[in-house]
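Single-structure report; data block below.
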Amino acid sequence: MDAIGESGKKLKSIQDQSFFKRIPNDWRRNKGVYLLAMLPMLYYIIFRYTPMFGLVIAFKRFTPGGGIWGSPWAGLANFKMFFGSYYFWRLVSNTFLLSFYNLIWGFPIPIIFALLLNELKSSRFKKAVQTITYMPHFISMVVICGIVLNFVSQNGLITSLLSYLGMPANNLLLDARNFRTVYIASGIWQEMGWSSIIYIAAISGLDQEIYDAATVDGAGRWRKILHVTLPGILPTIVILLILRIGAMMNIGFEKIILLYNPSIYDSADVISSFVYRKGIIQADYSYSTTVGLFNSVINLFLLICANMLSRKVNDTSLW
Amino acid sequence: MKKMICALLSLLILSACAQAPAGNAPASDAPASTIASAASEAAAPETVEAPYQMTFYMPLLGSNVIASHAEVKAANIIAEMTNVAIEWIHPPIGQEKETFNIMVASGDFPDAIYYRWTDYPGGATKAIADGFLIPLDPYIDQLANLTALFAEIPEIEKQTKLDDGRIPFMPAAANDLRRRAFDGYLIRQDWLDKLGLQMPETITELHDVLAAFKDQDPNGNGEADEIPLIVDKTANYIRSLASAWGVRDSFQLDPSTKKVAYGPIMPSFKEFLAEMSKWYAEGLIDREFASIDSKMADSKIAGDIGGTIRGNTATFERYMNLMTDSVPGVMWRGIPFPTNGGSPAYAYDENRVRLVWGQGVGVTTGSDNPEAVLRFLDYGYSKEGYDYYGWGVEGESYTKENGEYKLTDIITNDPDKLPTTSAILRYAFGNNGFAKVHNFDFWSATELNNEPSKSANELWFTADNSLLLPLLSLTEEESIEYANIMNEVTTLFDEILFKIVMGVDSVDSYDNFVSIAKQMGIDRAIELQQAAYDRYLAR
């Protein structure tokens, strides 16, 4: 008893001290924890925060000899050029539409998949299904896109199947209208199993007694899913949805540049692929940073909006 | 205490892991420096100075033969003689441009870089203005061999130097324009013979031949699976046909006015697009060219379904090796550049008029000892340097009798059945680009070693060069303005080209392209090019 009282007193006295005094004290008490926390912190400082200083070249005319600090200032010239560009609206709307459809189709499917898996009785079959659906996640993007390109080519598997159904046997990726469908469908195929893990974990954390109670109340499977499982994993869903919306305009360039070609730029060229072409291929570093910065600002804005909305609606939010 | 030790240990292990990949990257080039430095240590008695350790960035030639240029004996010998030790840096194959641009942005420059400097945004002038390359004329005293070459062939000097007389890099230079006539279209001569057709000379004849390839089953498998014209996703093999209409897909000279023009907005470009769109609709052009790469194009050729492709003088030997076993009687031949309604047979490839084509070794501001680097590079322009880089090591890769050079059996009869041009890489750079003279005689002896490529070279050399511009250089301000305009225009042009050829958009949408290109400022870009051309003529 005595010991607890003493340490409680000690804790209180520590809380009274100023922040900078508290740190060395706390350090002495919890060295191991601090050391462990240091790793992710270092990661964020080195790989996430330090590179942000490089954003300054969005306001400069970057030259290799001058480097980030020595290059001449350009003011807002890069921004003016981007907003006035012939491609500005196309890039923004392509990026937005692709992420929007990706969210609409890609977000619910892992949830539905997790719910379905949860209803399976045979655990061996369940394991087998899980393993098979995880597998595509571990295949490198280049290989996935190679497979996709092959399947949708003129004599490819998918094109041939579609031609049996009476569609013309043309390479799907030569028609701008098909790009989003191919992109999103292949994404769902690749990531469905992997993204469902977190929901399966959330479901398995639900209290079995609630299910028992529901059974007693006469609820069938469908009712249990609707009134027990879904509400139970709703906080998880909301948090993931917020994160997803925050990254909404953030479409990686890798898959895009592996799938697209100039004839379908109309629907396939997005901000990130444009940044890649500008920055890495045409070596217009400042301009490409400008476009990337613009994209990040929109992302931040979307994230804040989604978070606010979610806090208002159901008290679940990131901060 | 125990907890702390555990934590510390895990930290150590993790940081070790994190460092490992970074440490590995240069290590893969380690053999290079060890071999090179070993070689130069051997030479140490003659020179008191320790060899200068230089880093050299260059795309790897022939990855199937050598793993690093440290294995090229000629380079090691010359490095030893000029008292440098080279650590080679090779970008991943297929990502040369990306790797280069990232290296430039990183601020960590190697001593020397072999690159196509026209690919640097704004060209070599801008590379100097950016503080990336050092101009070489202050070191002219050390460039005795290059100066001698300039004196011997003044045209090389004119094409190497910038408008203001500075030397931006150590050029890869050809001594004869015949050496530059290596690019053209190849056709299956055996298919022509089988169907009783003549070699096409006009664009109409070419169309008819391709149509016959399509319909008359020249590969004889009973299926209409032939693809008359193989094209890959760059669409380069379509673009270059535009020269039959007197236009190019980029800047050119207008043959009637002798002024600079931008081909894609010239009126005859629309005719060209209309014709290509017709060809595509008729199935003469690979239907899915927009999504295939050059490897897939090659596999279509090897599969005996391709009738025509654009290639170069080395392509003949490559395709023959690829196909002799599977396709009996296969024969590829060069097609003359097609004429159209009495027009001359215009050539499309600018390289044909350039003894210096923008490739070469630049010395960067990151070099601590440009003199040593240039000492090494300048040797390549001497007679001995040429022998080393071209022929390799006397007594090993070649023999010399009465002034006549002959490759040895190791090279011409490679145990792994490598073509001569590849087998020589263990000893020399051969025909590949480097800071040296690209000698027509050597090239002729190795690359034109088969009849089809030899006659193709003669045929292609006779084409009309009046559309082609020399290598121009813009000033720094000009190049920024020019890049801003052209980045937008070329993206739009690529799109419109693909869409019209593939029939997604009608040929009339071309007019829309012309008006948007004008809004984007194409006329200003033409002005800048004209000014650069005037400066070139005044050199």
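Residue numbers begin at 1 in each chain, while the letters A, B, ... track the order of the sequences.
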Step-by-step side-chain contact (heavy atoms from CB on, under 4.5 Å) determination, A:D266 to B:K499 = CA-CA 10 Å; A:D266 256 353; B:K499 280 185 177 166; 2.6 Å; yes
Side chain, backbone, both or neither of [X] within contact of chain A (heavy atoms, under 4.5 Å):
X: B:I496; answer: neither
X: B:E476; answer: side chain
X: B:T365; answer: neither
X: B:M520; answer: side chain

Once rounded to the nearest 0.5 Å, what's the spacing between atom [atom1] of [X] and atom [atom2] of [Y]?
X: B:F132; Y: A:T63; atom1: CZ; atom2: OG1; result: 11.5 Å
X: B:F289; Y: A:L174; atom1: CZ; atom2: CG; result: 8.0 Å
X: A:Q282; Y: B:K97; atom1: CD; atom2: NZ; result: 7.5 Å
X: A:Q154; Y: B:D286; atom1: CD; atom2: CG; result: 7.5 Å
X: B:E495; Y: A:S263; atom1: CD; atom2: OG; result: 9.0 Å

I want to check something: taking the side chain as every heavy atom from C-beta on, are [X] and [Y] in contact at a cut-off of under 4.5 Å?
X: A:Y86; Y: B:T491; value: no
X: A:S85; Y: B:E488; value: yes
X: B:N484; Y: A:Y287; value: no
X: B:E288; Y: A:L173; value: no

Using the side-chain contact (heavy atoms from CB on, under 4.5 Å) rule, take A:N261 and B:K233 through it: C-alpha gap first, then chi angles, then the decisive distance, then the call.
-> CA-CA 7 Å; A:N261 60 67; B:K233 63 183 171 190; 5.5 Å; no
Quick one: which of A:A283, A:G70, A:P64 has the most heavy-atom pairs under 4.5 Å with chain B, could you say?
->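 Answer, by heavy-atom pair count under 4.5 Å with chain B: A:P64.
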Sort A:Y276 into side chain, backbone, both or neither according to what part of it lies under 4.5 angstrom from a heavy atom of chain B.
-> side chain
Can you say whether A:R177 sits under 4.5 Å from chain B via the side chain, the backbone, both, or neither, judging by heavy atoms?
-> neither
Please confirm whether the backbone N or O of B:L492 pairs with a side-chain atom of A:Y87, one donor and one acceptor, at under 3.5 Å?
->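 Judged by distance alone, yes, a pair lies under 3.5 Å.
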Do the side chain of B:N101 and the main chain of A:I281 share a donor and acceptor less than 3.5 angstrom apart?
-> yes
Indicate the atoms forming the closest heavy-atom contact of A:F62 with B:A105, along with that distance.
->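 So the minimum-distance heavy-atom pair works out to CZ-O, 3.9 Å.
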Should B:R287 and A:N171 be marked as a side-chain contact (heavy atoms from CB on, under 4.5 Å) after you check the CA-CA gap, both sets of side-chain angles, and the distance that decides it?
-> CA-CA 8 Å; B:R287 290 202 69 83; A:N171 187 323; over 6 Å; no
Is the shortest distance from a Lys or Arg side-chain nitrogen in A:R277 or B:E98 to a carboxylate oxygen in the other one below 4.0 Å?
->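 The answer is no: the pair does not qualify as a salt bridge.
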Near A:Y101 OH, under 6.0 Å, is it more than 12 heavy atoms from other residues, nucleotides or ligands?
->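 Open: at most 12 neighbouring heavy atoms sit under 6.0 Å from OH of A:Y101.
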Does a sphere of radius 6.0 Å around OH in A:Y164 hold more than 12 heavy atoms from other residues, nucleotides or ligands, not counting ones at 6.0 Å or beyond?
-> no
So which of B:A483, B:A290, B:G131 has the largest heavy-atom pair count under 4.5 angstrom toward chain A?
->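 If we count pairs closer than 4.5 Å to chain A, B:A290 comes out on top.
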